[in-house]
Amino acid sequence: MNTMKLCATCLFGLEGLTSSQLKRLGFRDVSAENGRVTFSGDETALAKALVNLRFAERVMINIGSFDAVSFTELFDRTYELPWERFIPVDGAFPVTGSCVSSVLHSVPDCQKIIKKAAARRIMEKYRLSWAEEKAELYQIRFTVIRDRVELYIDASGQALHKRGYRAVGTAAPLRETLAAAMADLSGYRGKGVFWDPFCGSGTIAIEAALIALNRAPGLNRAFDAMNWRWVNRKIWPQVRQEASAAEFTGGYEILASDIDEGALEIARSNASKAGVSKLIEFFRADAGELELRRGPGRIVANPPYGERMMERREAALLMRRFGKRCSAMDGWSFCVLTADADFESSFGSKADKKRKLYNGMIKCDLYMYPDKERQWKWK
Ligand SMILES: C[S@@+](CC[C@H](N)C(=O)[O-])C[C@H]1O[C@@H](n2cnc3c(N)ncnc32)[C@H](O)[C@@H]1O
């Protein structure tokens, strides 16, 4: 296969991290937009992106883009695209997608038209009277945003945040991609102490351990593109071997604590599935009474934030106690992700930097308190 137009989608706010990683991996034509980063490459590039990307949700092939404000336009322009280049005679190609701020606003209608047009094209090119679709999956995805249609074939299968280690979660687990972003944005590269004192199912500490090891997040999972017959099967072990060879070894100091024994049990089991349990020290502790075990280092956390009034009041009190402890931790840095707009006032200090991130559809801020020459503004 020649060079393809590829696209990595990601949570809003993670475009910069995704595009930096793509550039580090040696990709060309990397360009970030809202919630996605485009780049180009061949089948090996596709496999490399799937196995290595830490902050992306999906990797897809862009089949075409055009403007459309009528179903006739949508059908005709979809039909013109070279679907047979990617979808074999018996390949299955269901269609799914979304419409935002567009004349064509009905997702089921767009879905039907795109399916009809792609099916007609495939049947004509393969001289079929109907498309059998009994072989491997080529999931078609579309977006219609402000009348611009983008058509893709998804190479990922399950979303890339599903690394495979979190079979069981706790009440409010973070997406793995967002947890990895928090660890990365805190500046953690494996040096010094890393501590999540509200660890829940352990996602942040596990992602920090994967970063410390430079372990590719997709090393042990499957992707739809692995079943595509036009992708050379030898590429996958090669790409995985290359990723494994880039791993580091060494001693790391990653701490993860929580007040809930049940959560800790799940976190331990997840860390073991991720193959990083030896790197993380799990223990029970109240974050409002933190006792320093070592340090200095960095605290990266996603504390509880109540939906209801009572829970919010409780969460604010906890942040007050947590903030007091943090104020006594000389030389430490803090990164806290929360949807609580009053966090700084409860925590007792204004952040040096704030970064808007989305946990799924929930808008959060990452409050960052770097350690160097920090001017604490405690109330
Ligand atoms: C939003 S969840 C963290 C989710 C976690 N990032 C994950 O991916 O699973 C908040 C966690 O804080 C814990 N927690 C609540 N109060 C606490 C306290 N006083 N000290 C330590 N942990 C506490 C809860 O048990 C819960 O696991």
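Counting starts at 1 for both ligands and their atoms, following the listed order.
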Open item on the list: Run the ring-ring contact (aromatic ring centres under 6.0 Å, His included) test on F322 and F198 for me, step by step, so that the C-alpha distance in whole Å, both residues' side-chain angles and the decisive distance to 0.1 Å come before the verdict.
Closed with: CA-CA 11 Å; F322 174 54; F198 297 93; 5.1 Å; yes
Task: Working for side-chain hydrogen bond (donor to acceptor under 3.5 Å, both in side chains), residues E57 and T177 - done: CA-CA 8 Å; E57 293 297 322; T177 38; 2.6 Å; yes
TODO: Determine, stepwise, if the pair F343 / Y305 fulfils ring-ring contact (aromatic ring centres under 6.0 Å, His included).
DONE: CA-CA 10 Å; F343 167 77; Y305 165 63; over 10 Å; no
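Contacts between S257 and ligand 1, counted as non-hydrogen atom pairs separated by less than 4.0 Å, are absent for every part of the residue. For A179, no heavy-atom contact with ligand 1 is shorter than 4.0 Å.
Close contacts of ligand 1 with S201, meaning ligand atoms under 4.0 Å from a residue heavy atom, involve 7 (C), 8 (O), 9 (O). Within ligand 1, counting atoms from 1 as listed, the ones closer than 4.0 Å to a heavy atom of P173 are 7 (C), 8 (O), 9 (O). Each of the atoms 16 (N), 17 (C), 19 (N) of ligand 1 lies under 4.0 Å from some heavy atom of L318. Contact atoms of ligand 1 toward P304: 10 (C), 12 (O), 15 (C) (distance under 4.0 Å to a heavy atom of the residue). Within ligand 1, counting atoms from 1 as listed, the ones closer than 4.0 Å to a heavy atom of A285 are 20 (N), 21 (C). Numbered from 1 in the order shown, with element, the atoms of ligand 1 that lie under 4.0 Å from a heavy atom of D286 read 18 (C), 19 (N), 20 (N).
Between Y369 and F347, the distance separating the two ring centers is shorter than 6.0 angstrom.
For E43, the salt bridge (charged side-chain N to carboxylate O under 4.0 Å, His left out) test picks out no residue, with sequence neighbours left out.
Between M361 and N359 there is no side-chain heavy-atom pair separated by less than 4.5 Å.
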